[in-house]
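These numbers come from the heavy atoms of this one structure, side chains and all, not from hydrogens, waters or symmetry mates.
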Number of protein chains: 2
Amino acid sequence: MARKVSRRGGNIVTIHDVARHVGVSPMTVSRVINGEKNVREETRAKVLASVEALNYSPNLAARSLATQDSARIGLLYSNPSVAFLSEFLVGILSESSQSGAQLLIESCEGPEGATAALEKMKANGCDGVILSPPLSDSSRVAKVLRDMDLPFVGVAMARPDPQVCCVTIDDFKAAFSMTKRLIELGHQRIGFIKGHPNAYASQTRFEGFEAAMQKAGITVDPALVAQGYFTYRSGFDAAERMLNCKDRPTAIFASNDDMAAGAVATVHRMGLDVPDHVTIVGFDDTAMASSVWPELTTVRQPIADMAALSVRLMNDQIRAKRLGKPFEPVREIRDFALIERQSSAPVGTA
Amino acid sequence: MARKVSRRGGNIVTIHDVARHVGVSPMTVSRVINGEKNVREETRAKVLASVEALNYSPNLAARSLATQDSARIGLLYSNPSVAFLSEFLVGILSESSQSGAQLLIESCEGPEGATAALEKMKANGCDGVILSPPLSDSSRVAKVLRDMDLPFVGVAMARPDPQVCCVTIDDFKAAFSMTKRLIELGHQRIGFIKGHPNAYASQTRFEGFEAAMQKAGITVDPALVAQGYFTYRSGFDAAERMLNCKDRPTAIFASNDDMAAGAVATVHRMGLDVPDHVTIVGFDDTAMASSVWPELTTVRQPIADMAALSVRLMNDQIRAKRLGKPFEPVREIRDFALIERQSSAPVGTA
DNA sequence: GTCTGATATGTTAGCGCTAACAAAGCGGTC
DNA sequence: GACCGCTTTGTTAGCGCTAACATATCAGAC
């Protein structure tokens, strides 16, 4: 008898409490909790009932200590589209709270600043890194990570790199679908505002646009293709130029929401209406899309889902590395969605 | 000899490795790591050198298991201004990765949906909850939490409630300062767009505006005070009404950035310029503020800092509760900052 | 009946860390 | 020198969980 002192906090329910309550060993409870097979169905049911009754929830700290796979995952972002970032983080958090991963977050100024941030992470005992765009697309960052021998997963990469483990949507197909939808609405003169020339996504999205136009037998008028830079201002300017054409477009497809919002502002400034005179659509479904008026029709990436998936891939990769097993890079492609709001309408409504 | 099997993952550096390297006991290393006093300066230095040399970083899982204060902190948000949310999460993450807290994130649809979310959190073994606005201001949510006996911390609450532990800025003072700044720029006819009538922040900000006007001896023209709802559209409409006044305002102070952006759009639509004809300023410094053109002059809350602080307060509170000690609610007030961008200028520039 | 090979459960020890206690070291006081 | 109180270091055990091994149970085959 007489353990000297109990360090037990107080009323915390442990696996032992459940075990005692059911009349089995803690190990059996553990097996049930972790969904292992080789537990009699009857026993499993009793344990689950007790878990419910006692309101037991496992101590993740103890678990990761015992299993030795407490992954410390670094999150690196730069230049964030804030809207993207919040959804990204929500996805990461909800997944990692289940897997019990620790998170380390760092920001950096573009790919150049990444090295310092990554070194800091490594020094803090990071086991792997998840990259948000645009870093996920940077071959420079990828090289640094490989040199450091740190596993990584890219989220929303536009450039297909078979070497790299990532979660994305199909930008080409998404742009294709949006364009197709505009054509279905009767639009023929469709303007396109490209994204930043450095971003792979820009090119891919433009190709999707072209392909859809070509498939519909519509020639793309070079006067209706403008270079943008993903900024509100660049969308504003690009739209102005297009709308001053003799034969102005009835629809404008901007490669992201900020530029689409800028385009909306231009249309309004010229005394025209969206969507009555001009349909405007964006890409990304950031906060911008539903903040402006009229709200933007746009393409949505399931960012939170993608982020959550990236955590799972990261865990798999870290585990594989610990066990010295090889890890096959995976490219997971998620479905996008066309979100139709008030900024688009059939041609010639006004 | 012959421990049966080592379950050690592999190359992980532990406190024992450091201890052996220095030639002291693990406990001494632990003391150094945790910055306890009663360690000889010489010993401390040697330990720190070894920590550095071996690139040791403590296993948070083991620590929280041993200390029994592995806090599981719930984050509840609703209706998020995405820009707010991302900064909030960044702050929370960077702090909690240091304290080793586990995070659980849930969203809900306004205060009504909060109960379900909170019950889910409690069932998942949550020890306390951090509330982001507008939930932090909801007395309903506060009541639910008190009934559940869950500690909580509110971030960016506008309503001072001495019962509640929170981190905020002084909305009154912030609105006062911004108004004062506008007056310094020579503006006299200043319009004010209020926020949603349900939000306490709306009232507080308006009071700050009034006080500054009064102090400068300027009468507030009721025609230049409009009810808004924190949405782009409401700012758009409110500004339109004001600008159609016979004697139109030279500046408009909107209670948040979305409404300010809406006001900018109205100004442009009327063929006027920002800031040459009308100065427009916002509040919050969300992504919106630097996405639109011209970029908005606004008031910034140090959201990430505030969020990080809320985690510390939460940890303190949880620890106090575990030890059965009383916890005095704290109200921490952080400094705001006036961010001057291109949407404001001295009066009469054009 | 006994042996085989499965499945189901229990036992032991240890993951890395620190709370609590124990002991050693050190200076000063009477 | 014996005693006190203080600082510094060490020892032990245990936080809650699970890997690995050990054992029990059972069905079926010969």
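B/N38 comes within contact range of at least one nucleobase, with a heavy-atom separation under 4.0 Å. Among the heavy atoms of the strands lying under 4.0 Å from A/T28 are primed sugar atoms or P, OP1, OP2 only; no base atom is included. Within the nucleic acid shown, B/S64 has no heavy atom closer than 4.0 Å to any nucleic acid atom.
In this structure, A/E42 atom CD and D/dT25 atom P are separated by 15 Å, rounded to whole Å. Between A/R319 atom CZ and D/dA19 atom P the separation is 11 Å, expressed in whole Å. Look at CG on A/N34: it is 17 Å from P on C/dA8, rounded to the nearest Å. As a whole-Å value, the separation of A/E41 CD from C/dA8 P is 10 Å. One atom, CD of A/Q102, and another, C1' of C/dG16, lie 12 Å apart when rounded to the nearest Å. Per the geometry, CD1 belonging to A/I33 stands 15 Å off P belonging to D/dG16, to the nearest Å. Whole-Å rounding puts the B/R40 CZ to C/dG25 P distance at 12 Å.
For the OP1/OP2 pair of C/dT9 and a distance below 4.0 Å, the side-chain nitrogens and oxygens of A/R31 include no atom meeting the criterion. Phosphate contact (OP1/OP2 of C/dC15, side-chain N/O of B/N59, threshold under 4.0 Å): absent. Residue A/R63 places at least one side-chain N or O closer than 4.0 Å to OP1 or OP2 of D/dT18. OP1 or OP2 of C/dT18 has at least one side-chain nitrogen or oxygen of B/S30 nearer than 4.0 Å.
From A/D316, atom CG reaches atom CZ of A/R312 across 9.0 Å, with rounding to the nearest 0.5 Å. Rounding to the nearest 0.5 angstrom, the gap separating the CZ atom in A/F152 from the CG atom in A/L135 is 11.5 Å.
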Derivation of the salt bridge (Lys or Arg N to Asp or Glu O under 4.0 Å) call for B/K122 and B/E119: CA-CA 5 Å; B/K122 178 123 196 189; B/E119 264 157 12; over 6 Å; no
Decide side-chain contact (heavy atoms from CB on, under 4.5 Å) for A/T43 and A/V32; before the verdict, give the C-alpha distance in whole Å, the side-chain angles of both, and the deciding distance to 0.1 Å. CA-CA 9 Å; A/T43 315; A/V32 172; 5.6 Å; no
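Here the closest heavy-atom approach between residue A/A61 and residue B/Q102 is recorded as N-NE2, 3.8 Å.
Listed candidates were D/dA19, D/dG10, C/dT18. Nearest to the side chain of B/P26 is C/dT18. Nearest nucleotide to the side chain of A/A66, out of C/dG16, D/dC17, D/dG10: D/dC17. Distance from the side chain of B/L65 is smallest for C/dG16 among the nucleotides D/dT18, C/dG16, D/dC17. The B/H16 side chain lies nearest to C/dC17 when the options are C/dT18, C/dT9, C/dC17. Of the candidate nucleotides D/dA19, C/dC17, D/dT9, D/dT9 has the atom lying nearest to any side-chain atom of B/T43. Nearest to the side chain of A/T14, among D/dC17, C/dG16, C/dT18, sits D/dC17. For A/Q68, the listed nucleotide lying nearest its side chain is C/dG16; candidates were D/dA19, D/dG16, C/dG16.
For the residue pair B/N124 and A/S57, no side-chain donor N or O sits within less than 3.5 Å of a side-chain acceptor on the partner.
Remark on DNA chain C: of its neighbouring residues B/I15 and A/R44, the 5'-side contact belongs to A/R44, judged by nearest-heavy-atom nucleotide. Toward the 5' end of DNA chain C, the nearer of the two residues B/A62 and B/E36, judged by each one's closest nucleotide, is B/A62. When the nearest nucleotides of DNA chain D are assigned to A/V29 and B/M27 by heavy-atom distance, the more 5′-ward of the two goes with B/M27.
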